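Owing to the predicted nature of the structure, the values given are computational and were not obtained by experimental measurement. A note on names: the letters A, B, ... follow the listed sequences, proteins ahead of strands, and every chain is numbered from 1.
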Amino acid sequence: MQHRAEKKGIKLARLSEFDPVKTFECGQCFRWNAGENGVYTGVAMGRAARVWVEKDSVYIDADEKDISEIWHDYFDLDRDYGSIVFNAGEYLDACVRYGSGIRILRQDRWEALCSFIISQCNNIPRIKRIIETLCSKFGEPISAFGETLFTFPSAERIAALKAEDLAPLRCGYRASYIIDAARAVSTGALNLDELAACDFDTAIKALKSLKGVGDKVANCVALFGLHNMSGFPIDIWMKRALEKYFPKNFDPKSLGPYAGLAQQYIFFYTRNGKEGKGNEKL
DNA sequence: GAACAGGCAACTC
DNA sequence: GAGTTGCCTGTT
């Protein structure tokens, strides 16, 4: 409670380098929620943190050891996003200006896989609801900031369940996909750590071997879970933008090794910028 | 009450 | 290999 009132956080970065609102609201993650005063509370990697903006800086309130051992890496703070440039025309330039400050989080691999399986044919409020229910029913409770939060349940925990155990999530036909994925990960049939280190096409192919994982979800998992910047998920918003502003047979690979970051700028601008008027807040 | 949503799989031709 | 349809559920 007094955390919020006093806001005694540690300075994490300059706002120009890391815009937490854009980063949390650009669709890559589902467990950071804005509270009063624009303070975001999130749980990731089994830990809780609060993040907010004051003047031109970003502050974090978290266990001090966790900041250097977990959050620094989670927020990908060693990478200089400002030095990454694209030469693909004015439209992308506008997207980059608009989305400047977005960072691609280094999320837990299993959490990203599970979350993006849930995301299919679904909207963000509902995705968040399903994930929160999943965590509160099967995750571990942790207390932080005077409340009880829940970690994301391990693949092992979910692998031990049956599809009907997930009925309270009301995630429909996705339930069996989640269980299948959890079993593949927990048995080692699908090794996400190895996929994070191997080449892009191999990773996509392996991810798509899971039931319920197609092109879109595989690319989301590659980009947001494996932190493979070649990931280039094309959903309905990206499809519209590519059709309207890019050449007919545009190949994302032409954007270079950070194509996935370009994707995120384009997506964020198309969906939330002047022509976006998305159905969610922002 | 039907159509649809930030997909996928199974099936058709 | 391109096109169609069912799938759970919540929202419009």
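Rounding to whole angstrom units, CG of residue A/D215 and P of B/dG6 are separated by 18 Å. Between the P atom of B/dG7 and the CG atom of A/N219 lies a distance of 13 Å, rounded to the nearest Å. Atom CH2 in A/W237 sits about 11 Å away from atom C1' in B/dA5, given to the nearest Å. Rounding to whole angstrom units, CD1 of residue A/I204 and C1' of B/dG7 are separated by 15 Å. Atoms CG (A/L210) and P (B/dG7) sit 18 Å apart, rounded to a whole Å. Remark: P of B/dA9 and NZ of A/K216 are 14 Å apart, rounded to the nearest angstrom. Look at NZ on A/K208: it is 14 Å from P on B/dA10, rounded to the nearest Å. B/dG6 atom P lies 19 Å from atom CD1 of A/I117, rounded to whole Å.
Relative orientation of the A/W32 and A/F75 rings is tilted, given thresholds of 30° and 60° on the angle between their planes.
Straight-line distance between the P atoms of B/dG6 and C/dA2: roughly 25 Å, to the nearest whole Å. Nucleotides B/dC11 and C/dC8, compared at atom P, are 15 Å apart to the nearest Å.
When each of A/A218 and A/R240 is assigned the nucleotide of DNA chain B bearing its nearest heavy atom, the one mapping closer to the 5' terminus is A/R240.
Two rings, from A/F116 and A/F224, have their centers less than 6.0 Å apart.
Ion pairing of A/R129 with A/E132 is absent here, as no side-chain N (NZ or NE/NH1/NH2) approaches a carboxylate O to less than 4.0 Å.
Between the side chains of A/T202 and A/D199, a donor-acceptor pair is found at a separation under 3.5 Å.
The environment of CG in A/N87 is sparse: at most 12 heavy-atom neighbours from other residues, nucleotides or ligands sit within 6.0 Å. For A/E64, the CD atom counts as loosely surrounded, since its 6.0 Å shell holds 12 or fewer non-hydrogen atoms of other residues, nucleotides or ligands.
Looking at heavy atoms from C-beta onward, A/Q28 lies in side-chain contact with A/Q107 at the 4.5 angstrom threshold.
In this structure, C/dC8 makes no Watson-Crick or G-U wobble pair, since no nucleotide meets both defining distances under 3.5 angstrom.
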Indicate for each nucleotide in nucleotides 7-12 of chain C, in 5' to 3' sequence, whether protein heavy atoms under 4.0 Å reach the base (B), only the sugar-phosphate (S), or nothing (-). BBBSS-

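When the side-chain nitrogen and oxygen atoms of A/K239 are compared with OP1 and OP2 of B/dG6, none of them lie within a distance under 4.0 Å.
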